[in-house]
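To find a chain, count down the sequence lines: A is the first, B the second, and so on, and within it residues start at 1. What you are looking at is a predicted structure, and each value in this text was computed from that prediction instead of being measured.
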Amino acid sequence: MPKQDIPKAYEARDYEDDIYATWEKSGFFNPDNLPGERKETFSIVLPPPNVTGTLHMGHAVMLAIEDIMVRFNRMRWRKTLWLPGTDHAAIATSTKVETILYKTEGKTRHDLGREEFLHRVEKFAQDSHDTIVNQCRKMGASLDWSREAYTLDAARNMAVNAAFKKMYDDGLIYRGYRVVNWDPLGQTTISDIEIVYKEVEATLYTFRYSKDFPISISSTRPETKVGDTAVAVHPEDERYKSFIGKTFENISFAGTMISIKVVADDSVDPTFGTGALGVTPAHSLIDADIAKRHGLAMKQVIGEDGNMTEAAGPLVAGKTTKQARETVVDWLRQEGLIEEEEKTIQNLATAERSGGVIEPMPMLQWFIDVTKEFERDGKTVTIKSLTQTAVRSGAIKIIPERFEKGYFQWVDNLRDWCISRQLWYGHRIPAWYRHEEIFIGTQPPEGEGWQQDSDTLDTWFSTGIWTCSTLGWPEQTSDLSTYHPTSVLETGYDILTFWVVRMVMMTTYLLNEVPFKTVYLHGLVRDELGRKMSKSLDNIINPLDMIASYGADATRLSLVIGSTPGNDTKLSVAKVAGYRNFTNKLWNISRFVLMSVGEVRHIAESELQPQTLADRWILSQFHLLQREITDHLEAYEFSQAGEKLRDFTWNQFADWYLEIAKIQKGSTTDHILLYLLERLLAYWHPFMPFVTETIWKQIDPEQLLMVHEWPLSPEPLIDLHAQRLFVQLQESIVAIRNIRSQHGVAPKQKINVIVVGQTTMQEHPEVVRALAGVESLVFQNEIPSGEYTSSVVGEIQLFVSLEGLVDKEQEHLKLTKERESTWKYAQSLEQKLANQEFVSKAPEQVVASMRANHAEALKKLTLIDSQLNSVARS
RNA sequence: GGGCGGCUAGCUCAGUUGGUUAGAGCGCCACAUUGACAUUGUGGAGGUCACAAGUUCGAAUCUUGUGUCGCCCACCA
């Protein structure tokens, strides 16, 4: 593109797709193709998006942050891998397709049959996958597509089976008949974390099983009481002590016969209700625990269809739980057994996906035993202890740190994990049965008559081994040895417990190493009302809309700058628009540099020949900046790095140096301009890859910015003296501008300035003239007579001749105000300095600077006084 | 019930081990319109850092308590 053809405004949509195609074609997303020797590695595995639809802003944040990490590390000359993939998300996808199926065709999955249903799900998953991949590209994500994985593909299926077999062989996976969370609507088990509690109104009935029974109990679900086998009381409860250990046989209750043993259990709260708890071992996880402790019988009275079973007795058998409840309450009323009815708010357990009401019931399922002891490196450990140690030892660092507490809280309370699901979409459990035999393997067993378990695995089982399965495990691939453990896991804090814990659990056990060294948790992107964006709320903003309007770069910046890890952010269109303005600013800065310099080329450090104060200042500032932002990025402080870069780019480079460059033309200036532009583009590249790569073509059409080495001067040119002097010059110029502004002088109107005293301005009169709109600049030692308005900068007094523009009263007021604040400040400093203890304890630097400030404030005071006098005289 | 977090300018939020007179972006007010950029420039106003007590020479920052909003976990049967 010839110089003069650079458009005035940057239109993202004109460039982004082409740039992404160029990157992809270059092959550099794949670390095998990266140029140069690279000793260190940096690897991230993309948290696989669910193939349930499209990406939302939460994904956009994830992609933006991870791409910044990845591009930064790639430029830092590390062997950098970002591995993409998608998650079949068994229950979520299955539920979604079932919903669509029911809406459009009025059918259930059972109407279609396993094969046809799976076909439909796969079609849906494929479409969704393609959409997701396209959206990742639009965001500019530099993912190595050649390594893309899917939780349900052949390699991952192999890894899942291998993990299952290993855990089974080690006795960490077992099949057992236990009370699990059953979702009658979704017709599957679910784990504890897939439960969501809903507040509903309920009636708490207090009653006795029969007139003869000595203890009253309370329940919101009287229908389950036909399954009771015990009443639990607190061991110290005097009211019931005499009954402990007794069994009441053959109680006639709601049409069936029950027998109730009174047991003492510490978990019972004697102050709640009657202090006695009817124990229903088959339909409550808590009661099941009590039953286990006391060896109580289990009686299942609710079936998988959610209706009462035959065992519940003829009065309620076959009825829904709701009907059964009415029946039992009616029966209790007739028998006069109800003692109290009380309206309460009940937390109803429902399934996250289907919304069905959870019915705990005993079933034969597969579990991971988290407390089974085994040997590891000569120590006795459990899966639970390994998971705790990984973070406690510092092998894994969580950012922000405070989430470690939540991690431990959750791991400490970990219970055996039910991993089997009665779904069709997912990893089939690698267990085969023949009569009494059972076979576990990665391949089906030899011989006739084997039947594979019809259940599938919880989706988190396969994502739990995601870092290693994507890198080739169980094969000992070179990818696995090169990139595992991965450097960072970047994800939302909302799935810390769902996923992060599971990954640590599974991976530390299987590979005896952590899955990642750092966990970076981003916050949630909320809508303008502060609500969580979610599929179910249907308030998802498509990131593609933002990209279409303002560009991917602006979208990325708006999601990264001004937000901190672990904290939520509200999305506003104005913010995105603001960063679009900044991308355009960078474009125009570049446009100016490229059009004003003689020859566009790389400038080496050694070619710099700073001459003027401005040269020395901007280079010094820049060299401070490069250290700061590199440190910030290494420390995952993206927002701060971005803010500092923005400040330098706009407020220092554009607003000051570029303006000065216009009046100090020459090859020295050109070199500095090019030097800074090139490096700024490199620094901005991780944040805004598209616009920087587009501009970069003008500087170097041969090499992509994406694989440019991160610039960092070995010997920084930090010139504190130049910085101090330049700040003085800036302040002087601002002071003159201020005076002009206060008196409404048009920017083009030149004014005459007389400066009293020694000042940096003296050495840079042309800069002052150009940047402050000054015609004649005169330096003298005495205060001149005549009409002047004046302002004070440090110890320099400016007299700006502005005939007829002086507003005496306003000036007086302003000076008085200024005097007051200066006096207050001087007083406060004086007080502190008078304090002996302070002077002895405070650091020298602080005391010295306070002394200096105090002296300066006193000088300023005398100047203000003289000005006040002159204003009053005239 | 247990735990965690927020409360800083009109709005959205930074503020890294306590240290000069607390910051940014947006918004607002005034002025400016052909030479990189109006997706702009220049200048300005605006804050008892939720409240209270304490520690300290010094607190937005540390301690304790209070208020308020939010999140997570538990689930009282």
Answer with base, sugar-phosphate or nothing: what part of the nucleic acid does [X] contact at a heavy-atom distance below 4.0 Å?
{"X": "A:Lys585", "result": "base"}
{"X": "A:Ala654", "result": "base"}
{"X": "A:Gly406", "result": "nothing"}
{"X": "A:Ser219", "result": "sugar-phosphate"}
{"X": "A:Asp655", "result": "sugar-phosphate"}

Side chain to side chain donor-acceptor pair (under 3.5 Å): pairs with one or both residues in residues 222-231 of chain A, sequence neighbours excluded:
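Counting only pairs at least two positions apart or across chains, the side chain to side chain donor-acceptor pair (under 3.5 Å) contacts touching residues 222-231 of chain A are A:Tyr209-A:Asp228, A:Arg221-A:Glu223, A:Glu223-A:Arg325, A:Lys225-A:Asp228, A:Lys225-A:Thr280, A:Asp228-A:Thr280.
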Contact residues, residues 197-206 of chain A to RNA chain B [heavy atom, < 4.0 Å]
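When residues 197-206 of chain A is checked for heavy atoms under 4.0 Å from RNA chain B, the hits, listed by number, are A:Tyr197.
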Checking B:A36, B:G43, B:C75 against the side chain of A:Leu658 (C-beta onward), the nearest is B:A36
Is there a donor on the side chain of A:Lys644 or the base of B:A24 sitting less than 3.5 Å from an acceptor on the other?
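Looking at the base of B:A24, it does not pair with any donor or acceptor on the side chain of A:Lys644 (distance under 3.5 Å).
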Looking only at the side chains, is there a donor atom on one of A:Ser741 and A:Asn738 sitting less than 3.5 Å from an acceptor on the other?
no
Can you find a heavy atom in the side chain of A:Leu677 that is under 4.5 Å from one in the side chain of A:Ile699?
yes
Pairs counted as Watson-Crick or G-U wobble with both distances under 3.5 Å: what dot-bracket string results for RNA chain B, using | for bases tied to another strand?
(((((((..((((.....[...)))).(((((.......))))).....(((((..]....))))))))))))....
